[in-house]
Enquirer: 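Take this structure, written in structure tokens, and hold onto it; I'll ask about it next.
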Amino acid sequence: MNICVVGAGYVGLATSAGLSDWGNTVYCVDKDHWKISKLKKGKLTIFEPGLAELMSENIKANRLFFYHSLPRALKNAEIVFLAVQTPPKTNGEVDLSYLMAAAQEVAQALSKDAIIVNKSTAPPGTARKLQAIFDDTGYSCTVVVNPEFLREGSALEDVFHPDRVVIGAIEELASKKIAGLYQHLDTEILQTDWESAELIKYASNGFLAMKISYANALSRLCDKCGANIDMVTVGMGLDKRIGPDFLQAGLGYGGSCFPKDVSALVKWAEDVGYDFKLLKSVQEINATQIDFVLEGLVGTLGEDLAGKHLALLGLAFKPHTDDIRESPALKLAKLLDKKGCCLTGYDPHAMVNVAKVAPFIKLCPDIITTCKGVDAVLVLTDWSDFATLKLSELAEVVRNKVLIDARNLYNPSVVRRCGWTYWSVGRS
Ligand code: UDX
């Protein structure tokens with residue numbers, strides 16, 4: 001198949017890499033000249049394990065091409081994937097202007113019939129709006145909804161081994177054609193109507209966010225009764241109806257999807273006349289989990305944090321990414337800065353991005369330098385580099401052996417036996 005992918009962000013690139021690797025010819029287009037010129041050389045503008053290598057292989061095999069000219073990218077395409085950003089507005093509602101603008105541009109540049117596949121996350125009703133745009137082109141174009149469920153940091157794993165592929169369409173032939181792109185994968189392909197496919201994406205992210213907030217709320221209860229949140233969630237997860245995933249208590253969820261999609265679902269529900277109180281609580285628990293960790297620090301170092309020197313390990317919103325959007329670690333860092341703390345920080349991949357938005361953190365080249373002379377070490381993302389660090393080496397450079405583990409990476413009794421004052425989430 002000849003496929004055009006509009007948008008070279010996480011979703012557009014991972015989709016382009018997957019589709020080209022499966023033997024299709026993919027023309028990926030983006031307005032950003034700098035990004036496209038790097039991509040043509042097989043270089044990424046984001047950090048995503050394995051993606052640059054896979055793209056390079058497919059570029060060399062003449063199956064993957066990058067353009068900034070939309071008409072050129074569309075020239076041979078039978079299928080057009082829309083994979084552009086749908087960011088939040090200040091009121092939490094989703095901003096569909098980029099998606100609608102991209103659809104208008106594609107509609108104007110088309111020179112033949114095509115199936116239009118929307119991969120951008122957008123609320124129910126969006127496919128209908130897109131179809132109206134393409135109905136005016138004079139070509140036969142049908143819209144298909146094919147939401148993307150990939151996680152940053154493991155995007156390729158999710159593209160090649162998805163838990164499911166969802167295809168929402170009103171025309172059976174188009175639905176089958178898009179299903180055909182994925183039929184070699186060992187996965188369930190669920191064919192639905194437009195609105196169900198659109199809602200599945202939001203419903204899934206909302207549910208996963210809810211699991212995390214549930215675990216985080218329980219972590220606070222654990223502290224009140226002396227229970228251990230890790231044991232509680234293991235015990236819950238053994239029930240097949242619950243499952244063990246996304247029950248890791250910590251500093252709360254961040255990133256470009258959960259915060260934005262939960263807000264968008266709450267807002268969209270409001271617009272259609274439903275007050276989604278359950279998800280509002282999920283948001284509230286997530287926002288206040290940062291305060292809970294701050295309380296843990298205050299309980300250890302005392303109320304007056306002014307002048308305290310703190311080492312922050314992990315600044316991205318999660319491991320294996322350089323993405324700092326809605327990073328709970330940075331939110332906590334901002335609170336600590338306001339309280340007058342001196343902050344040093346380290347992240348294996350996110351430092352370039354952190355430097356742009358958080359000049360109040362003195363970034364260091366490694367963990368040991370970050371921790372030199374500090375009053376406390378705070379572990380804020382669950383990088384394996386941090387889980388395996390040698391506490392005996394840290395003990396030699398810190399001023400106080402205080403460890404605040406906001407991701408429950410260490411065994412409390414082992415750390416305490418080594419003489420550290422240790423606080424973790426819900427394991428008092
Ligand atoms: C998420 C969805 O998983 C993915 O399906 C969707 O397409 C996009 O949004 P992503 O944002 O890349 O993916 O990251 P994910 O691994 O889901 O983690 C999201 C946040 O939740 C991170 O901040 C992570 O640290 C946090 N998290 C995750 C927890 O706090 N506890 C958990 O148990 C799991």
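All ligand and atom numbering here is 1-based and tracks the order in the structure. Note that the numbering runs from 1 along the sequence shown for the chain.
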Enquirer: Looking only at N/O atoms, are Glu152 and ligand 1 under 3.5 Å apart anywhere?
Expert: yes
Enquirer: Heavy-atom distances under 4.0 Å decide this one: backbone, side chain, both or neither, for Leu150 against ligand 1?
Expert: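 Near ligand 1, Leu150 shows its backbone, while the atoms from C-beta on stay back.
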Enquirer: Is it true that Lys201 lies under 4.0 Å from ligand 1, counting heavy atoms only?
Expert: yes
Enquirer: Identify the protein heavy atom lying closest to atom 34 (C) of ligand 1, giving its residue, its atom name and the separation to 0.1 Å.
Expert: Phe246 CD2, 3.4 Å
Enquirer: Once you restrict to heavy atoms under 4.0 Å, what part of Arg407 touches ligand 1? Side chain, backbone, both or neither.
Expert: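 Contact part for Arg407 vs ligand 1: side chain (C-beta onward).
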Enquirer: State whether the shortest distance between N or O atoms of Gln248 and N or O atoms of ligand 1 falls below 3.5 angstrom.
Expert: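 So ligand 1 has an N or O lying under 3.5 Å from an N or O of Gln248.
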Enquirer: Check each heavy atom of Leu247 against ligand 1 and say whether those closer than 4.0 Å belong to the side chain, the backbone, both or neither.
Expert: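 Answer for Leu247: backbone.
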Enquirer: Establish, yes or no, whether a centroid distance under 6.0 Å links the rings of Trp423 and Phe292.
Expert: yes
Enquirer: For Asp230, is there an ion pair with Arg427 - N to carboxylate O distance below 4.0 angstrom?
Expert: yes
Enquirer: Are Phe160 and Trp22, when compared by the centres of their aromatic rings, separated by less than 6.0 Å?
Expert: yes
Enquirer: Looking only at heavy atoms, is any part of Lys211 under 4.0 Å from ligand 1, and if so is it the side chain, the backbone, or both, or is it neither?
Expert: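 The answer is neither.
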Enquirer: Atom OH in Tyr182, atom OG1 in Thr187: separation rounded to 0.5 Å?
Expert: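 If I round to the nearest 0.5 Å, the distance is 11.0 Å.
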Enquirer: Measuring from atom 21 (O) of ligand 1, which candidate in Phe149, Tyr253, Tyr10 has the nearest non-hydrogen atom?
Expert: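 The nearest heavy atom belongs to Tyr253.
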Enquirer: Nearest heavy atom to atom 24 (C) of ligand 1: which of Arg325, Lys318, Glu148 does it belong to?
Expert: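 Answer by nearest heavy atom: Lys318.
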Enquirer: With a 4.0 Å cut-off on heavy atoms, does Glu326 reach ligand 1?
Expert: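 In this structure, Glu326 fails to qualify as a contact of ligand 1 - no heavy atom is under 4.0 Å.
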Enquirer: Does ligand 1 have an atom under 4.0 Å from some heavy atom of Cys257?
Expert: yes
Enquirer: Please work out which of Thr381, Ile212, Asp245 has its closest non-hydrogen atom nearest to atom 27 (N) of ligand 1.
Expert: Ile212
Enquirer: Keeping the roles fixed (side chain from Glu48, backbone from Gly153), state whether a donor-acceptor pair exists under 3.5 Å.
Expert: yes
Enquirer: Tell me whether Gly254 reaches ligand 1 (any heavy atom closer than 4.0 angstrom to a ligand atom).
Expert: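 The answer is yes, since Gly254 has a heavy atom less than 4.0 Å from ligand 1.
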Enquirer: Taking the six-membered ring for Trp, are His68 and Trp34 ring centroids under 6.0 Å apart?
Expert: no
Enquirer: Distance under 6.0 Å and angle within 45° of the ring axis: does Arg407 meet both against Phe386?
Expert: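 No, Arg407 and Phe386 do not form such a contact.
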